[in-house]
Amino acid sequence: MCWKAASIAASAVAGRTSARIRNNCAYSVKHPGPRHSVYRNYRQVLFERLRAVLQDKVRLEDLRLTVEEPPQVEMGDYALPIAFELARTFRKAPRKIADELVAAIGNVPGFSGFEVAGAGYLNGRLDRNAAAHRFAEGQESLPETREFILVEHTSINPNKAAHVGHLRNAILGDTLVRLLRAANSTVGVQNYIDNTGVQVADVVVALTHLQQLDLPGVQRWMRELAARGERIDYACWDLYAKVSQWYDAEPEQKQARKQIRLDTLHALEAGGNDTASIAELVSTAVLRRHLETMFRIGIEYEFLPRESEILHLHFWDAAFALLQRTGVLYQESEGKNAGCWVMRRAGTAGADGENPDEEAKVIVRSNGTVTYVGKDIAYHLWKFNKLGLNFGYRLFHTYPGGGQCWISAEQSDESAPHFGHADAIYNVIDSRQADPQNNVIEALRGMGYTQVAENYHHFSYEMVALTPRCAMELGYAVSPEDQDRAYIEVSGRKGFGVKADDLIDKLIAAATVQVDARHPELDPADRESIARKIAIGALRYYMLRYTRTTVIAFDMQDALSFEGETGPYVQYAIVRAANIFRKAGITPEQALEQFGPVDAKPYFTGEDGNSLWELWLLASKSVHVLEKAIQTTEPAHLAKYAFQLAQQFSNFYHRHHVLTEADPARKAVLLATAAIAQRELIRALGWMGMEAPDVM
RNA sequence: GGGCGAGUAGCUCAAUCGGAUAGAGCACCGGCCUUCUAAGCCGGAUGUUGUGGGUUCGAUUCCCGCCUCGCCCA
């Protein structure tokens with residue numbers, strides 16, 4: 001059974017795209033993909049010529065061809081440190097080798113010349129006029145890939161409001177999806193829901209024991225919240241903090257209360273009782289709020305696999321059988337783990353025959369319960385279609401743009417698609433989960449799924465913490481020793497953190513103030529739409545500008561800033577380019593057509609020409625940066641690139657007054673420059689889920 | 001105790017497989033709105049890249065030791 005939907009929206013931000021059905025699979029969104037890649041094509045041409053030149057002199061498989069950027073654009077467009085590499089094998093000075101290479105290379109199509117620079121760099125110079133025209137036309141394309149990639153992100157426990165840390169996860173994950181799709185991959189998006197875990201149990205305990213509510217009582221409570229217009233995830237945020245304190249509040253009660261928690265957890269896992277029904281009601285309502293929150297910043301999901309179905313459809317039983325058969329799990333007979341089913345941890349010595357392996361990872365406890373890692377192994381076997389079991393599917397939500405979001409169920413709807421069958425996966429999970437993630441990978445490897453283990457990517461990133469200043473501004477008590485720290489970790493258990501919706505509300509409010517002041521003539525709906533795009537731009541850029549290994553010390557002031565290295569700065573550059581075309585009375589596409597017959601060579605020479613060319617060169621690198629961002633799974637590269645391109649455009653904007661340019665040929669060049677800069681800025685922002693408003 | 005990550009300008013962060021003069025933003029000081037929008041542009045000052053060694057034509061980057069911080073595991 002396959003999904004029949006004719007078209008679904010890629011996202012609220014990117015707009016509609018037509019769907020293509022991947023053979024019998026539901027994940028179907030296909031983006032047009034990049035078409036302009038002049039920078040990397042010329043690099044390829046250069047590499048091929050070098051290989052031809054060096055063919056008889058060195059073993060090509062040993063040849064490492066790397067390309068760098070000369071420090072200044074006057075020095076050329078490509079810098080190759082190859083002469084340094086060859087210096088040892090040829091026992092010659094790098095400069096001398098570089099000289100010989102320049103002579104041997106001769107003329108290369110698209111290049112105006114080569115020279116030796118510095119201590120022995122081989123610098124290549126593009127024919128600027130030809131490259132610019134080729135780039136303006138934009139005919140090249142990236143190859144399509146056949147493999148199916150599954151990205152999982154967000155995965156918030158459905159027991160409280162989303163906070164800034166979850167925003168980082170979702171924005172990184174959603175951006176990864178957009179990057180992969182931009183590079184012509186087929187990508188599915190899912191959001192794992194742990195709806196039977198201890199965190200949901202905690203909120204259920206809060207409702208049943210602190211609030212003394214039964215099932216009808218909880219239903220009434222939810223109706224009352226809705227009537228008052230209160231967010232249930234916010235209410236649960238407070239309940240969760242309260243119950244966490246309650247467990248430890250009275251020492252003599254501690255054990256009894258923890259037992260209540262454990263009993264509740266077991267009731268949730270078993271299902272089919274009032275406690276489980278309460279959990280189902282509350283967690284689903286909170287989940288719907290999470291979907292709303294993420295949709296506000298342009299993020300959609302296609303499938304929501306839940307832990308309840310992993311339990312009730314007995315995924316673990318199937319996985320357990322496989323794990324035993326392949327010998328990955330064995331039952332420990334002595335030591336602290338006696339009676340447990342354990343797995344040897346990678347990098348440890350293991351059992352020596354006489355002594356038990358104390359380092360082994362427990363997968364099934366001696367009382368027969370399965371650990372989280374155990375369930376995760378089963379779940380990942382499903383992702384790679386190695387489990388032999390499948391979820392049922394039920395339509396859960398339809399986004400305004402038409403995108404469908406399905407949820408796991410015990411039985412499938414008639415028209416249900418199926419998910420999974422991944423060739424490769426990316427799990428967007430913070431770095432604290434590295435150990436459990438590696439356990440799952442090792443289990444898969446141990447079962448003989450070597451390729452699967454290779455294609456399992458933990459997309460790891462550091463947490464978002466609060467600066468002490470920010471924490472105090474938000475009214476939290478900060479201990480003296482915490483005040484001296486650079487940042488303080490957020491904690492749902494303590495109710496300590498910045499809620500995602502609060503931050504988004506603040507960003508929209510701050511943007512609205514600016515838009516109202518600048519554009520009082522616009523009607524309120526337009527102003528609101530503009531403010532929303534600016535807020536999304538600011539938030540998404542803020543979360544993407546840091547590399548993944550950086551702990552973001554969240555600061556409200558920085559996050560609310562629209563100046564300097566921010567999303568709105570990049571958006572503003574696009575708006576300014578749009579203003580040029582509006583006043584000029586032509587479209588960017590027309591500007592590029594008019595550029596066609598123009599010989600731009602005179603305008604790409606001299607100091608002014610250099611700075612103009614620098615902008616073209618940078619603009620032509622967008623696909624190169626896209627590929628690098630994917631290869632290194634580091635979206636921050638793209639964020640930095642977009643900012644740099646916007647910076648150079650702003651510089652251009654001030655340096656050249658396009659509309660008053662008297663020389664018609666020069667004016668055509670300047671208009672084309674604005675057009676390609678705008679085109680690449682829009683693309684780069686789109687890959688990051690950002691869009692510039694029409695006016696700012 | 002073991003594992004992973006980090007330490008770069010006053011602050012927050014970049015820096016391609018090791019590459020040319022280590023770059024941005026913020027903050028600070030001084031200029032620029034009669035021009036396509038000042039959410040902008042130009043100029044100024046700021047560095048023993050934690051520390052000690054090693055590898056080499058070349059080290060913020062790789063290796064080893066030490067120090068500090070964070071996270072995970074027991």
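Chain identifiers are assigned alphabetically (A, B, ...) following the order of the sequence lines, protein sequences preceding nucleic acid strands; residue numbering begins at 1 within each chain.
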With no hydrogens and no angle check, just 3.5 Å: does a side-chain donor-acceptor pair link A:R40 and A:Q44? no
May I ask you to say what A:E68 touches in the nucleic acid, namely base, sugar-phosphate or nothing, with a heavy-atom cut-off under 4.0 Å? base
Glycosidic torsion of B:C17 (syn if within 90° of 0, anti otherwise) classifies it as syn
Find the distance A:M696:CE to B:C36:C1' and express it as a whole number of Å. 16 Å
Choosing from B:C36, B:G40, B:A20, which nucleotide comes nearest the side chain of A:Y572? B:G40
When you measure from the side-chain N and O atoms of A:R485 to the phosphate of B:G70, is any distance below 4.0 Å, counting only OP1 and OP2? yes
Scan A:G564 against the nucleic acid and name what it touches under 4.0 Å (heavy atoms): base, sugar-phosphate only, or nothing. sugar-phosphate
Describe the nucleic acid contact of A:V515 in one word from base, sugar-phosphate, nothing, applying a heavy-atom distance below 4.0 Å. base
Rounded to whole Å, please give me the gap between CZ in A:R88 and P in B:U56. 8 Å
Within the 4.0 Å heavy-atom criterion, would you say A:E489 contacts the bases, only the backbone, or no part of the nucleic acid? sugar-phosphate
Any ion pair linking A:R125 and A:E115 (charged N to carboxylate O, less than 4.0 Å)? yes
Only Watson-Crick and G-U wobble pairs, only distances under 3.5 Å, only runs of 3 or more: what stems does that leave for RNA chain B? B:1-7 with B:67-73, B:10-13 with B:23-26, B:28-32 with B:40-44, B:50-54 with B:62-66
Which nucleotide in the list B:U16, B:U37, B:C71 gets nearest to the side chain of A:E69? B:U16
In whole Å, what is the span from the CD1 atom of A:I536 to the P atom of B:A39? 21 Å
Listed partners of A:F47 passing ring pair (Phe, Tyr, Trp, His ring centres under 6.0 Å), at least two apart: none
Any residue meeting side-chain contact (heavy atoms from CB on, under 4.5 Å) with A:D663, in chain and number order, not counting sequence neighbours: A:Y603, A:E661, A:A665, A:R666
Given B:U37, B:A20, B:A39, identify the nucleotide with an atom nearest to the side chain of A:V575. B:U37
Do A:E442 and A:R445 sit within salt-bridge range, that is, some charged N less than 4.0 Å from a carboxylate O? yes
Could you give all pairs that pass the salt bridge (charged side-chain N to carboxylate O under 4.0 Å, His left out) test and reach residues 578-594 of chain A, with sequence neighbours left out? none
Anything under 3.5 Å between a protein N or O and an N or O of nucleotides 41-44 of chain B, put it in a table, one pair a line.
{"unit_1": "B:C41", "atom_1": "OP1", "unit_2": "A:Y569", "atom_2": "OH", "d": "2.5"}
{"unit_1": "B:C41", "atom_1": "O4'", "unit_2": "A:H654", "atom_2": "NE2", "d": "3.0"}
{"unit_1": "B:C42", "atom_1": "OP1", "unit_2": "A:N651", "atom_2": "ND2", "d": "2.9"}

Mind checking whether A:F649 and A:F652 have parallel, tilted or perpendicular rings, split at 30° and 60°? tilted
Contact state string [nucleotides 9-14 of chain B, B base, S sugar-phosphate only, - no protein heavy atom under 4.0 Å]: ---SSS
What about the rings of A:Y572 and A:Y569, do their centers lie closer together than 6.0 Å? no
Counting the atoms with a prime plus P, OP1 and OP2 as sugar-phosphate, which does A:P436 contact under 4.0 Å by heavy atoms, base, sugar-phosphate, or nothing? nothing
When you measure from the side chain of A:E462, which nucleotide among B:C57, B:C36, B:G5 comes out closest? B:G5
Using a strict cut-off of less than 4.0 Å between a Lys/Arg side-chain nitrogen and an Asp/Glu carboxylate oxygen, indicate whether A:E634 and A:K640 qualify as a salt bridge. no
Which part of the nucleic acid, if any, lies within reach of A:L65 when heavy atoms closer than 4.0 Å are counted: base, sugar-phosphate only, or nothing? base
What does A:K336 touch in the nucleic acid at a heavy-atom separation under 4.0 angstrom: a base, only the sugar-phosphate, or nothing? sugar-phosphate
So, A:R655 and A:D608, do they make that salt bridge, N to O below 4.0 Å? yes
To the nearest angstrom, how far is A:E563 atom CD from B:G25 atom C1'? 11 Å
Do the rings of A:Y192 and A:Y372 sit parallel, tilted or perpendicular, given the 30° and 60° boundaries? perpendicular
Would you call A:K96 and A:D99 a salt bridge, taking side-chain N to carboxylate O under 4.0 Å as the test? no
Candidate nucleotides B:C17, B:C36, B:U37, ranked by approach to the side chain of A:V658 - the nearest: B:C36
Sorted by position of nearest nucleotide on RNA chain B, 5' first, the leading residue of A:I530 and A:R655 is A:R655
Rounded to the nearest angstrom, tell me the gap between atom CG in A:L659 and atom C1' in B:C36. 5 Å
